[in-house]
Number of protein chains: 2
Amino acid sequence: MPTIKDVARLAGVTVTTVSRVLNNRGYISDATRQKVYQAMEELNYQPNEIARSLHRRKSKLIGLIIPTVSHPFFGELAGFIEYYAHLIGYKVLICNSLLDRKKEKEYIEMLKSNRVDGIIMGSHTLEVEEYMNLNYPIVTFDRRISEEIPYISSDNYGGGKLATHLLIQKGCKKIAHISGNLQLQLLANKRSQAFIELSKEHGIESVIVETELNVFDITQYEAMIRNLLEKHPDIDGVFASSDVMAAYFIQIGYFLNRRIPEDIKIVGYDDIKLASLFVPPLTTIRQPIEEMAKCAVELIVRQVNEEPFERENVFPVELIERLTT
Amino acid sequence: MPTIKDVARLAGVTVTTVSRVLNNRGYISDATRQKVYQAMEELNYQPNEIARSLHRRKSKLIGLIIPTVSHPFFGELAGFIEYYAHLIGYKVLICNSLLDRKKEKEYIEMLKSNRVDGIIMGSHTLEVEEYMNLNYPIVTFDRRISEEIPYISSDNYGGGKLATHLLIQKGCKKIAHISGNLQLQLLANKRSQAFIELSKEHGIESVIVETELNVFDITQYEAMIRNLLEKHPDIDGVFASSDVMAAYFIQIGYFLNRRIPEDIKIVGYDDIKLASLFVPPLTTIRQPIEEMAKCAVELIVRQVNEEPFERENVFPVELIERLTT
DNA sequence: TTCAATATGTCAATCGTTTGACATAAAAAA
DNA sequence: TTTTTTATGTCAAACGATTGACATATTGAA
């Protein structure tokens, strides 16, 4: 690979001059500028970003830790994050923690070693303190960690309310909520909270089941749901904490010959792209994934540039009513 | 951030010694090793991987260019690629080209500038020559570019045959195939080829529609499919070139009151995780995504290490018969 | 006692770029 | 003609590590 020296030699100038045209500083005549460009062209020269990073102590890299990019919600989130990062010259390193505490830690160390400019955390199993002394531009999804670290979330409570309210309003008599693991202390837990409060308030019978800790694997959903429907065959409304869970529910309902929405109504959460393609199309609570992704990138950049930023970034959700309710 | 010098100072040794314990070379007594470790601990020292990369001229970085990580197939692929890369100490930079020729090129330049050790290309719009003089460890998905560049694909022809054969065998009289854009010269085109050949061979009426060039956006699918069904209302079998397309078909069928599989049978391609959750669960051609991802990482590493590797890596597919046929 | 093995240090170059300080020369403006 | 401005060059340090060559000191074994 050619270096700046090769370019200088070929163009008949010094590396200082090449650097000057490369970085647009100082005086440069058009003639030499052209000579330099031509030499770069000829050699197919690409400035070594590693050397640059080393020197300027900025890598233009953002680390993204999520459970897994193969989950539709996180896939979409990652897609938008990369999109907005790329717009402003940042690259993104993906890390799939699989909600494994050890991997999460490993990834954080790795990202620090690689001197990423900031870390976007969409996966949370670690103790709060471990983040605290991270001393790094960070933004978290769905988790409040300390007074300083900014976080992004959807209006979980509002979403939970919208979903639960819809079920009640549609005449459900006994409703269930399937949530992620509640020990994880995520802000998503507020969805459950809203569910509980609202059903109590309306005197509606309700049950909650949650997924196991550390199990992101999707296979357990099925057993969980079948179990739920066996124990409570009279459930006629379900609020699932993600569209993927809702998909399981729809399917199991189909196999169990429960008509949707006639026998059981279902509301999901996220509004992943495929939600509208389910049969029947899924009623769900839409998180503004794109806006949240954009915000995450912005929060990192603001911290890098030492600009002021909001600590609380709660995005409004929207009820997307389709045909499962 | 502390440097190796700070560690040396605190441990009361020279940087050479610290480097020696860091890299396990030369003689080191247990005592000093401990002193050094302790100093690293105390300072919360993380060796600067950027400096290391610069020195060893290896970044331990793999670039991954795909249309978008938010597409389930590529999301799953990316997930596995990151998984296997991480196992052997590689990191992955994701690039979502959105099948945009300009972005694709930009990303390649960017990845080269960042001196990634290799590039995995799952997005192809560029001219072949542009890759040829890339002179870089590369592996492509679903495209044969030159004599030297290794590629990975599923047995597209076999898959197309399996799908088409199934439809015919199930008694379909007029079958359709929805494919990606055929101008892209992907090996995936062999699916269409198999479809055409087999339907001709069996004397079955058939139609093919393909998506537009450069449009990865999913929204066009719907119009396309509705259009197809309007023009050919007597279609009773469909082979979709991806599970996402199949999902559209299932849904539109649902809205048009065509029963699946009674009125129309559908076969997808990929076997994304959600395919089994469709209603009815989708019959599809399974690509061994995980194995393909693993293979991609391996091919990069082998090229980096100058070990021998296979140029052709065609993976067997499998018919997963569920309930849409 | 002597030699080899072990343990550490010193020094400096290298990876590829940026940048500041300074010098010099040509072109343009006064 | 003199002074500025513009254009380039020279030199060297810095970013944070690794590494080779060599020196020296302490052990332990023969």
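Just so it is clear, the values below take in all heavy atoms, side chains as well, and ignore hydrogens, waters and symmetry mates. In the text below, chain A, chain B and the rest are named by the order of the sequence lines, each starting its count at 1. Treat the numbers as computed from the prediction; the structure is a model and nothing was measured.
Contact between the side-chain N/O atoms of B/Y27 and the OP1/OP2 oxygens of C/dT6 is found at a separation under 4.0 Å. Side-chain N/O atoms of A/S53 include none lying less than 4.0 angstrom from OP1 or OP2 on C/dT17. Phosphate contact (OP1/OP2 of C/dT10, side-chain N/O of B/T14, threshold under 4.0 Å): absent.
Between A/E49 and A/R56, at least one side-chain nitrogen of the basic residue sits less than 4.0 Å from a carboxylate oxygen of the acidic one, meeting the salt-bridge criterion.
Between the NZ atom of A/K60 and the P atom of C/dT18 there is a distance of 14 Å, given to the nearest Å. Rounded to whole angstrom, the span from the CD1 atom of A/I28 across to the C1' atom of D/dG9 amounts to 11 Å. D/dA7 atom P lies 14 Å from atom CD of A/Q34, rounded to whole Å.
Between the side chains of A/K273 and B/S70, at least one donor N or O sits under 3.5 Å from an acceptor N or O. In the model, A/T16 has no side-chain atom that pairs as donor or acceptor with a side-chain atom of A/S19 under 3.5 Å.
Just one of A/N305, A/V301, A/V304, A/L111 meets the side chain to side chain contact (heavy atoms under 4.5 Å, CB included) condition when paired with A/D117; it is A/V304.
Checking side-chain atoms of A/R101 against main-chain N and O of A/T125 turns up a donor-acceptor pair under 3.5 Å.
The local environment of CD in B/E307 is crowded, with over 12 non-hydrogen atoms from other residues, nucleotides or ligands closer than 6.0 Å.
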Reading nucleotides 14-28 of chain D from 5' to 3' and marking B where a protein heavy atom lies under 4.0 Å of the base, S where only the sugar-phosphate is that close, and - otherwise, the string is BBBBBBS--------
